[in-house]
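What follows is a set of notes on a single structure, which appears directly below.
Letters A, B, ... are given to chains in the order of the sequence lines, protein chains preceding strands, and every chain is numbered from 1. All of these numbers come straight from a predicted model, not from anything done at the bench.
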Number of protein chains: 2
Amino acid sequence: MDAKTLCLGALMHSEASGYEIRKLFEGGPFSAIYDVSFGSIYPALTVLLDREWATCCVAEQDGRPDKKVYSITPAGRAAFLDALATTPAPDKMRSEMLFILSFGDHLPRSVVLELVDRYIANYEDRLSAIDDRCNDSVLPPVRRFVHNFGITMYETALEYLRTHRAELLANELSTREHVHQLEEQVLTTGGRQ
Amino acid sequence: MDAKTLCLGALMHSEASGYEIRKLFEGGPFSAIYDVSFGSIYPALTVLLDREWATCCVAEQDGRPDKKVYSITPAGRAAFLDALATTPAPDKMRSEMLFILSFGDHLPRSVVLELVDRYIANYEDRLSAIDDRCNDSVLPPVRRFVHNFGITMYETALEYLRTHRAELLANELSTREHVHQLEEQVLTTGGRQ
DNA sequence: CCCGACATATATCAGACCGATACAAACTGG
DNA sequence: CCAGTTTGTATCGGTCTGATATATGTCGGG
């Protein structure tokens, strides 16, 4: 799913500038399910113009800098639907937080707890941002399906983190127990599995 | 979080070949929280050798091709813990499935349903793969925390998809209603928000 | 007994992408 | 009036992905 397709998708709903497209993926309706950066969006929009999949006009605004508003063309819509026909790749998650946390044994307990708390705060922010933005607007059913999927996942993550935070507090003792178990294993098997 | 750090993390637990590291991220204990491809792993391992953060020896196996087994060095451990000290980026999700589904209005209903069913099957596979691999091994507490986080998220996704699949069946009718609402809005406001 | 399919294993590379950075216009508050 | 924030466009080095190539070995079927 390349940046061109993502931009076309954003333009399917309504015309938008590069900056506005970016906001759809950062805090907007796509924020829970996909991400794309400026460094991909602006070159992609240029390509869309080249292929005549979108048109562009400059809009003057008062109180703000001018913006370049892109609109999808019929050819663009066709190309987009064509791109959707490919079999989608499986979901991909990237959580630096959890990766780091999984090495909590090697970190000071204070660091681990601070990390979890920052993690929780982060999900709280994102959840409230989503709710604020969309709860009043009327969404078509498929959009609502996807929207609520994102909310559900965020809420689940939050609940898990809150209820299991304490387990990381019990870190030190449990780790000693674990080491003890390993030692017994080594004594019994000679270290071979 | 670059590929070098991810490889060091993999080697923290035990020595491994590039192929084995990859499997940790595809189906293994990291599969629910991060991903990294061969194209990043092999060059990263070469860099680790250059920096003396890992050593390497060739292991002959019977019934299989030889493999190059990498072990982390004390300097490597130090470098890894150093890399963990950076403030982690927020979680990033990439779901082509949900992106496509959110444009279900523009697709034949059969395609949408097929998509959801494939999506469900995909999560079922990943969930059972995780369970099979790890439910018997004894994990230290932080690992169990992360491991169960992944399982919880998968289960939540599955339950959501199963219980809300029917909503997409009601697609056509609801979309007509939605279009009707939009038309009324246009008549009232002239299309301006 | 060979053939294709599959798992194991390493490696490379063009093309795409990210994150940082730069620039600029306009508002906002101290 | 100046620093900071928001809105807005753009570029670029370094990194990563996904595809591809190559090779060894197993296994089951015709």
Side-chain angles (χ1 to χ4, degrees), chain A residues 1-8 10 15-28 34-50 54 56-70 83 86-94 96 99 129, chain B residues 1-8 10 15-28 30 34-50 54 56-70 83 86-94 96 99 129 133:
Chain A
M1 189 118 308
D2 60 6
K4 295 186 293 297
T5 306
L6 296 173
C7 287
L8 286 176
E15 58 179 26
S17 66
Y19 189 76
E20 288 162 346
I21 291 176
R22 166 70 215 190
K23 283 197 295 185
L24 294 178
F25 289 91
E26 189 195 6
Y34 224 96
D35 193 38
V36 63
S37 70
F38 282 129
S40 303
I41 290 172
Y42 284 113
L45 289 174
T46 304
V47 173
L48 294 191
L49 288 183
D50 286 350
C56 173
C57 64
V58 175
E60 295 176 24
Q61 309 177 98
D62 43 30
R64 292 179 186 182
D66 296 355
K67 64 178 175 182
K68 295 166 82 172
V69 176
Y70 294 81
T86 62
T87 62
D91 289 2
K92 207 162 285 184
M93 170 81 156
R94 319 198 117 202
E96 298 196 357
F99 184 78
Chain B
M1 189 119 307
D2 60 5
K4 294 186 293 295
T5 306
L6 296 173
C7 287
L8 286 175
E15 58 178 26
S17 66
Y19 190 75
E20 288 163 345
I21 291 176
R22 166 71 217 195
K23 283 197 294 185
L24 294 178
F25 290 91
E26 190 196 5
F30 293 132
Y34 223 95
D35 194 38
V36 63
S37 69
F38 282 129
S40 303
I41 291 172
Y42 285 115
L45 289 174
T46 304
V47 174
L48 294 191
L49 288 183
D50 286 350
C56 173
C57 65
V58 175
E60 295 177 22
Q61 309 176 99
D62 42 29
R64 291 179 186 182
D66 296 356
K67 65 179 173 181
K68 295 165 80 172
V69 177
Y70 294 82
T86 62
T87 62
D91 289 3
K92 207 162 286 185
M93 170 81 157
R94 320 197 117 203
E96 298 196 356
F99 184 79
R133 234 170 265 263

Exercise for review: Sugar-phosphate atoms are those with a prime plus P, OP1 and OP2; base atoms are the rest. Using that split, label each nucleotide of nucleotides 23-30 of chain C B, S or - for protein heavy atoms under 4.0 Å, 5' to 3'.
Suggested key: --BSS---

Review point. Between atom CZ in Arg22(B) and atom C1' in dG18(D), what is the gap in whole Å?
Key: 10 Å

Review point. OP1 or OP2 of dT9(D) less than 4.0 angstrom from a side-chain nitrogen or oxygen of Tyr19(A), does that happen here?
Key: no

Practice item. Describe, as an angle rounded to 10 degrees, how the axis at the first end of the helix from dC1(C)-dG30(D) to dG30(C)-dC1(D) is tilted relative to the axis at the last end, five pairs per end. Key: 30°

Review point. Residues in salt bridge (charged side-chain N to carboxylate O under 4.0 Å, His left out) with Glu96(B), at least two apart?
Key: none

Exercise for review: Please step through side-chain contact (heavy atoms from CB on, under 4.5 Å) for the pair Leu48(B) and Tyr70(B), ending with a clear verdict.
Suggested key: CA-CA 9 Å; Leu48(B) 294 191; Tyr70(B) 294 82; 5.9 Å; no

Practice item. Check ring pair (Phe, Tyr, Trp, His ring centres under 6.0 Å) between Phe99(B) and all other residues, then give those that pass, not counting sequence neighbours. Key: Phe30(A), Phe103(B)

Revision key, fill the gap. From CD1 of Ile41(A) across to P of dT9(D) the rounded distance in Å is 10 Å

Practice item. Not counting sequence neighbours, which residues clear side-chain contact (heavy atoms from CB on, under 4.5 Å) with Glu60(A)? List them please. Key: Asp66(A)

Exercise for review: Figure out the CD/C1' separation between Glu20(B) and dA7(C), and round it to whole Å.
Suggested key: 13 Å

Review point. Could you run down nucleotides 11-20 of chain C 5' to 3' and tag each one B, S or - for protein heavy-atom contact under 4.0 Å?
Key: BBB---SBB-

Review point. How long is the line joining CD of Glu26(A) and C1' of dT6(D), in whole Å?
Key: 12 Å

